[in-house]
Amino acid sequence: MKTTKEIIKNTALSLWAIVFYHLISIVLFLLGGMIYSEEAAYEHYFMLDACMCVLLLAIFGGWLRRIYRKTPPPAPDAVRVRALYPKLLVLTLGLGGISILWLNFAASISQSVPLLEHSLVSFGETWSTIDNEAYIWVFLSVVLVGPIVEELLFRGLVFHYMEQIRAGWLPILFSGIAFGIWHVEPVQAVYAALLGIGLGILYAHTRSLKLTILVHVINNLLSTLPPFLDTDLVQMVIFCLSLVMVIPAVVILVKIRPRAPQISEGSTDLRI
């Protein structure tokens, strides 16, 4: 049983890791504004974000190695990892389909919910600038380095600290909801939290950060395709497949979800 001091310490470390990301972001973009100008820094948002992600990759990677040396996590379950590899695309598309359903639902009720209406407009304006920069910066920021850093932070550091308090659903829900809130924009926070919870279940089941990184990378790639693939036809195929895969993905997550340990009658062994 963890003491109150240990609970506060691990919770504080989880929150500090998240706040630290934002502090580095603020400092880097302030420096960008000084080197260029505020307007130019905004126009080079993805380039600056990619540079920040490379820096944070080194910092969070070192941080994670340090705490893993002190308190090693369970080793990746090779059998579970191999069993899930054929289902990864279904799981990734389904998680994307859940995001699509949420965004469409949010749009349908936005007129009666001013917060959602404002958030949808702001969200659309942010992503409308994605074509203003070279795709290589978008790719590094959104598709490759960004997801790796986010997985090190949320399924690595935050999950680990919360698991030291209590194993099971606490690290999954805390890291997932924190991942959603971290996105700030309300309409984006909801589907990001759902994605984070799904990734948390996947990580708890396999103990493989490589697997959650792969799903995260593919998820972001499907929504941020390179220009030569970003056609109406390809977008429609992804849209339809994502919706079709929602139920199969949910079934997969339900099957691999953490289960309460059961105590066999006349035995003290815990079996999952």
Side-chain angles (χ1 to χ4, degrees), residues 8-67 99 115 118-127 129-130 133 137-162 171-197 199-200 203 209 212-213 216-217 219-220 223-224:
I8 292 173
K9 177 185 175 181
N10 281 282
T11 303
L13 285 169
S14 296
L15 296 176
W16 167 241
I18 298 169
V19 170
F20 182 78
Y21 186 110
H22 282 292
L23 289 177
I24 293 295
S25 175
I26 290 169
V27 169
L28 189 63
F29 278 91
L30 285 175
L31 288 174
M34 293 170 62
I35 295 171
Y36 300 103
S37 66
E38 186 175 344
E39 182 178 350
Y42 179 75
E43 291 175 354
H44 293 85
Y45 171 84
F46 291 104
M47 181 187 73
L48 292 173
D49 190 65
C51 294
M52 178 191 69
C53 287
V54 171
L55 173 63
L56 287 171
L57 181 62
I59 294 173
F60 286 150
W63 188 345
L64 204 57
R65 282 194 297 271
R66 182 178 178 183
I67 66 171
S99 300
L115 176 64
H118 175 76
S119 182
L120 281 167
V121 172
S122 177
F123 180 63
E125 289 176 349
T126 299
W127 285 100
T129 63
I130 200 168
E133 291 187 58
W137 298 119
V138 177
F139 179 80
L140 290 173
S141 169
V142 179
V143 179
L144 184 60
V145 188
I148 296 175
V149 171
E150 290 168 17
E151 288 308 303
L152 293 181
L153 173 56
F154 289 99
R155 256 60 62 186
L157 291 168
V158 174
F159 193 104
H160 181 83
Y161 283 128
M162 298 313 296
I172 293 172
L173 294 176
F174 188 96
S175 62
I177 293 171
F179 181 60
I181 295 173
W182 173 80
H183 280 80
V184 181
E185 196 68 69
V187 71
Q188 190 180 14
V190 174
Y191 74 72
L194 295 173
L195 172 63
I197 291 171
L199 290 171
Y203 177 67
L209 274 176
T212 64
I213 288 171
H216 200 151
V217 166
N219 178 82
N220 286 17
S223 61
T224 319

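Taken to the nearest 0.5 Å, the CG atom of Leu194 stands 9.5 Å off from the CD1 atom of Ile177. Asn219 CG to Leu199 CG: the interatomic distance, rounded to the nearest 0.5 Å, is 7.5 Å. Distance check: Ser25 OG to Asp49 CG gives 6.5 Å after rounding to the nearest 0.5 Å. Here OG of Ser175 is found 9.0 Å from CD of Glu151. Values are rounded to the nearest 0.5 Å. Note that NE2 of His160 and OH of Tyr203 are 8.5 Å apart. Values are rounded to the nearest 0.5 Å. To the nearest 0.5 angstrom, Glu150 atom CD is 10.5 Å from Ile148 atom CD1.
A ring-ring contact (aromatic ring centres under 6.0 Å, His included) with Phe179 is found for one member of Phe154, Tyr21, Phe174 and no other, namely Phe154.
Using modelled atom types, one side-chain atom of Ser119 and one backbone atom of Val187 make a donor-acceptor pair closer than 3.5 Å. Panel note: side chain Thr212, backbone Leu209; a donor-acceptor pair is recorded below 3.5 Å. Proximity of a side-chain donor or acceptor of Ser141 to a complementary backbone N or O of Trp137 within less than 3.5 Å is not detected. For the pair Glu185 (side chain) and Ser122 (backbone), a donor-acceptor distance under 3.5 Å is absent.
In this structure, Met162 and Ser14 approach most closely via the heavy-atom pair SD-OG, 3.5 Å. In this structure, Val149 and Cys53 approach most closely via the heavy-atom pair CG2-O, 3.2 Å. For the pair Ala17 and Leu157, the tightest heavy-atom approach, listed with the atom from each and the gap, is CB-CD1, 4.3 Å. Heavy atoms only, all atoms of each residue included: His183 and Ala192 are closest at ND1-CB, 3.5 Å. Here the shortest heavy-atom pairing between Ile197 and Ile172 reads O-CG2, 3.7 Å. For Phe46 against Val142, the heavy-atom pair with the smallest separation is CE2-CG2, 3.7 Å.
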Derivation and outcome, side-chain contact (heavy atoms from CB on, under 4.5 Å), residues Val217 and Asn220: CA-CA 5 Å; Val217 166; Asn220 286 17; over 6 Å; no
Criterion side-chain contact (heavy atoms from CB on, under 4.5 Å) on Ile24 and Phe20, from CA distance to verdict: CA-CA 6 Å; Ile24 293 295; Phe20 182 78; 3.7 Å; yes
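Around the NE2 atom of His22, the shell of radius 6.0 Å holds more than 12 heavy atoms that belong to other residues, nucleotides or ligands.
Using cut-offs of 30° and 60° on the angle between ring planes, the pair Trp63 and Phe60 is tilted.
Side-chain contact between Val143 and Val138 is absent, with no heavy-atom pair separated by less than 4.5 Å.
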